[in-house]
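Just below is one structure, and these are the notes that go with it.
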Amino acid sequence: MRFKDKNVVILGGNAGIGLAAARLFKAEGAKLALTGRNAESLAQAAGELSALGIRSNMANIADSEAAMHAIGNALGGIDVLFVNAGVGGFAPVMEITEAFWDGIHSVNLKGAFFAIQKALPLVRDGGAIVITGSIGSISALPGNAVYAAAKAGVRAVARILAAELLPRRIRVNMVSPGPTDTEIFKRDASAEDIAGMRRLFADAVPIGRMGTPEEVARAVLFLASEEASFINGVDLYVDGGCIELKR
Ligand SMILES: NC(=O)c1ccc[n+]([C@@H]2O[C@H](COP(=O)([O-])OP(=O)(O)OC[C@H]3O[C@@H](n4cnc5c(N)ncnc54)[C@H](OP(=O)(O)O)[C@@H]3O)[C@@H](O)[C@H]2O)c1
């Protein structure tokens, strides 16, 4: 019960890693607010977890501001902010358009930054912020330039925030997943493509399989908890050894 009576806000809490984290936070006593774009999955997650569900597009700064206003009214303050919402997309350099770049960066980098900025007045002194990065930010994976740049950018932001927020004792850490079995890589893919991607990812991971959303979420809870009270500014790879065993 590390989060008993704590207010935990998960941006992108209605699917995948965010929903897995929401379930674990709830099991440890947290009071939850979840955001997402998909009204149906958001209502379902909020109902299951007795959470406040707020439909909000993190690419839209006014949406983030309105979401924080609603969270402030309902919860008063935030003990843990988990900034998890993100979108993926692969394209080789010569096929990258401005719209493709903006689609990813408006959520994963600009959206994440402004959501944190709008949330900060509500985050209590001594609180914790955890941001979902990606091992993609430091991997030379062909086709991943745009996503990698956004996640590397948010990693840079996290380090600066960790330093800027020291006077308020707010710790800022990242969890960077390796290949994790969620919808992010399955959208618009055929069953055959999905099976092929699973095999490819499993081969690429030293442990020999993709991670589960719960395995990533457990690291999020650790960094958000008092158990990590002396950890600030880290980027924790939860990747079956992809980064550290392949250096
Ligand atoms: N799965 C992996 O292999 C992997 C690896 C490295 C990093 N990551 C990162 O992990 C995070 C979670 O992804 P996931 O794998 O759990 O994928 P997912 O199942 O697709 O979940 C993505 C979550 O982000 C939300 N989201 C996306 N765009 C949003 C927006 N514009 N505004 C508000 N919410 C938005 C989604 O809500 P809606 O469905 O309502 O849009 C959903 O809750 C992302 O930041 C992703 O980049 C994933």
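When a ligand or atom number is given, it counts from 1 through the structure's own listing order. The structure displayed is predicted, hence computed values, not measured ones.
- Side-chain contact between Leu122 and Leu81 is absent, with no heavy atoms from C-beta onward closer than 4.5 Å.
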Salt bridge (charged side-chain N to carboxylate O under 4.0 Å, His left out) between Asp181 and Lys186, worked out
CA-CA 9 Å; Asp181 205 336; Lys186 298 178 202 162; 3.0 Å; yes

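- Arg218 is not listed as a side-chain neighbour of Val238, based on a closest heavy-atom distance of 4.5 Å or more.
- The pair Glu48-Arg23 meets the salt-bridge criterion, since a charged nitrogen lies less than 4.0 angstrom from a carboxylate oxygen.
- At a 4.0 Å heavy-atom cut-off, the residues surrounding ligand 1 are Gly12, Gly13, Asn14, Ala15, Gly16, Ile17, Gly36, Arg37, Asn38, Ser56, Asn57, Met58, Ala59, Asn84, Ala85, Gly86, Val87, Val107, Thr132, Gly133, Ser134, Tyr147, Lys151, Pro177, Gly178, Pro179, Thr180, Thr182, Glu183, Ile184, Arg187, listed by chain and number.
- With hydrogens and angles disregarded, no donor-acceptor distance shorter than 3.5 Å links the side chain of Asn14 to the backbone of Ala43.
- Put simply, the side chain of Asn144 does not reach to within 4.5 Å of the side chain of Ser139, judged on heavy atoms.
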